[in-house]
Amino acid sequence: MRRFLTGCGAALAALALTGAASAQAPAPGTSPDAPAKRAAAKAEGDAILAKAGAAALFNNLSDQPDQDGAVILQHKGSGLYCLLNPGRTESEVVLFNPNGDDVGCHSVTSFDSRTVYATRTTLTLDQEIAAAVMALKAKYPKAKPYKATVNPMIAKILASDKIPASRTERFLVGGNYESVSVTVIDGWAIKYRLSGDAGMAKFLADAGDGIGWLFYVLKADTYHHPPAPAAGQPAS
């Protein structure tokens, strides 16, 4: 079941990041210019890590055979997965603690601005989401709760006991949509802050906080708890 959920989350999250996909498009990593795109993404990822002084703390996965140009960095300690659109000057890695116990990745898509964090924690999920909401409200005192309707399939997966429990809180602040999502996995708090236009709140809640957040949860979970190899396959 975990293997199914991982594949499902990754596929859906890719659609959420790009905003659209063509049924006629080649499979990821198979386009004629894929090798060049992977090389460029790898170089861009290396530059982002070097600027942050974080090369020793992250793996740069941008040149993996199944990739086709996205910059992909994964934190070695927490499994935090940073999926960055190539060529965006806003993309960055931040070390809040130089030992790697508190890190973040910021990225911008066509529809939103998002930052994912990984922090060593001894707090519970309820405590972490309460602290995250408090921080958001401190920044936006006039934030008003927003009730969203997420795709039923995504909502069902997020509520499943097959993946780590998580919480999402959504708000409207004037013309902006703001949300925060949190899960706790093996002593790491994985947090997700998303901002966008309030006029796109329904879409952002579904694609960003629904599909997108599921992707980050699954990536961190499978990093800590890899699926068992299929029958007849050797363990990695």
Side-chain angles (χ1 to χ4, degrees), residues 2 5-6 9 13 52 54 57-58 73-83 92-107 112-150 154-173 176-196 201 204-226:
R2 187 184 298 277
L5 291 175
T6 303
L57 300 172
F58 284 77
L73 310 172
Q74 189 161 35
H75 184 230
K76 294 178 181 179
S78 66
L80 180 73
Y81 196 85
C82 303
L83 181 60
E92 64 175 341
V93 167
V94 180
L95 301 184
F96 300 101
N97 186 327
N99 70 2
D101 281 355
D102 192 359
V103 304
C105 297
H106 178 70
S107 62
D112 60 68
S113 170
R114 57 183 67 183
T115 306
V116 288
Y117 306 87
T119 308
R120 285 275 192 189
T121 187
T122 58
L123 302 181
T124 66
L125 174 59
D126 286 345
Q127 291 170 327
E128 284 288 353
I129 190 66
V133 169
M134 184 181 300
L136 188 151
K137 288 185 174 180
K139 184 176 182 179
Y140 301 112
K142 296 184 179 180
K144 297 181 179 179
Y146 174 75
K147 185 174 179 59
T149 301
V150 177
I154 300 302
K156 183 176 181 179
I157 295 174
L158 284 168
S160 167
D161 61 3
K162 303 296 183 181
I163 66 172
S166 70
R167 295 272 303 278
T168 296
E169 298 291 342
R170 303 172 174 90
F171 302 88
L172 295 180
V173 185
N176 290 338
Y177 171 87
E178 304 286 342
S179 68
V180 59
S181 301
V182 178
T183 187
V184 176
I185 303 173
D186 286 4
W188 288 94
I190 307 297
K191 307 172 190 176
Y192 176 67
R193 274 284 286 113
L194 184 142
S195 302
L204 293 172
D206 198 29
D209 298 331
I211 297 170
W213 172 234
L214 173 62
F215 174 75
Y216 291 111
V217 173
L218 290 169
K219 283 295 186 180
D221 186 35
T222 54
Y223 184 83
H224 287 273
H225 310 110

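The first residue of the sequence shown is numbered 1, and numbering continues consecutively from there.
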Of all heavy-atom pairs between [X] and [Y], which one has the smallest distance, and what is that distance?
X    : Y    : answer
G208 : L194 : CA-CD1, 3.7 Å
L204 : G196 : CD1-CA, 3.6 Å
L158 : G210 : CD1-O, 4.2 Å
F58  : C105 : CE2-SG, 4.0 Å

If we ignore hydrogens and angles and just use 3.5 Å, is the side chain of Y216 paired with the main-chain N or O of K191 as donor and acceptor? no
Does H106 reach the main-chain N or O of V94 with its side chain, forming a donor-acceptor pair under 3.5 Å? no
Step by step, work out the side-chain contact (heavy atoms from CB on, under 4.5 Å) result for V116 and L80. CA-CA 8 Å; V116 288; L80 180 73; 3.8 Å; yes
Report all side-chain donor-acceptor pairs from residues 176-183 shorter than 3.5 Å, counting only partners two or more places apart or in another chain.
residue	atom	partner	partner atom	Å
Y177	OH	R170	NE	3.3
Y177	OH	D209	OD2	2.2
E178	OE1	R193	NH1	3.2
E178	OE1	R193	NH2	2.9
E178	OE1	S195	OG	2.5
E178	OE2	S195	OG	3.4
S179	OG	D209	OD1	2.7
S179	OG	D209	OD2	3.0
S181	OG	T168	OG1	2.7
T183	OG1	A165	O	2.8

Is the F215 to Y81 ring centre distance short of 6.0 Å? yes
Spacing of [X] atom [atom1] and [Y] atom [atom2] [to the nearest 0.5 Å]:
X    : Y    : atom1 : atom2 : answer
L95  : H75  : CG    : NE2   : 8.0 Å
T121 : D101 : OG1   : CG    : 11.0 Å
D102 : S78  : CG    : OG    : 10.0 Å
T119 : E128 : OG1   : CD    : 7.0 Å
H224 : I190 : NE2   : CD1   : 6.5 Å
I163 : D221 : CD1   : CG    : 7.5 Å

Are side-chain heavy atoms of D126 and R167 found at a separation under 4.5 Å?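 Side chain of D126 against side chain of R167, heavy atoms only: contact under 4.5 Å found.
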Evaluate L83 against S107 for side-chain contact (heavy atoms from CB on, under 4.5 Å), listing each step before the verdict. CA-CA 8 Å; L83 181 60; S107 62; over 6 Å; no
Between R120 and W188, does a side-chain contact (heavy atoms from CB on, under 4.5 Å) hold up when you go through it step by step? CA-CA 5 Å; R120 285 275 192 189; W188 288 94; 3.2 Å; yes
Per-pair distances, 0.1 Å, donor-acceptor, side chain in residues 134-150, under 3.5 Å, sequence neighbours excluded:
none

With sequence neighbours excluded, what pairs up with F171 under the ring pair (Phe, Tyr, Trp, His ring centres under 6.0 Å) test? none
Between F96 and Y117, what is the ring plane arrangement, given parallel below 30°, perpendicular above 60°, and tilted in between?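 Rings of F96 and Y117: tilted, 30 to 60°.
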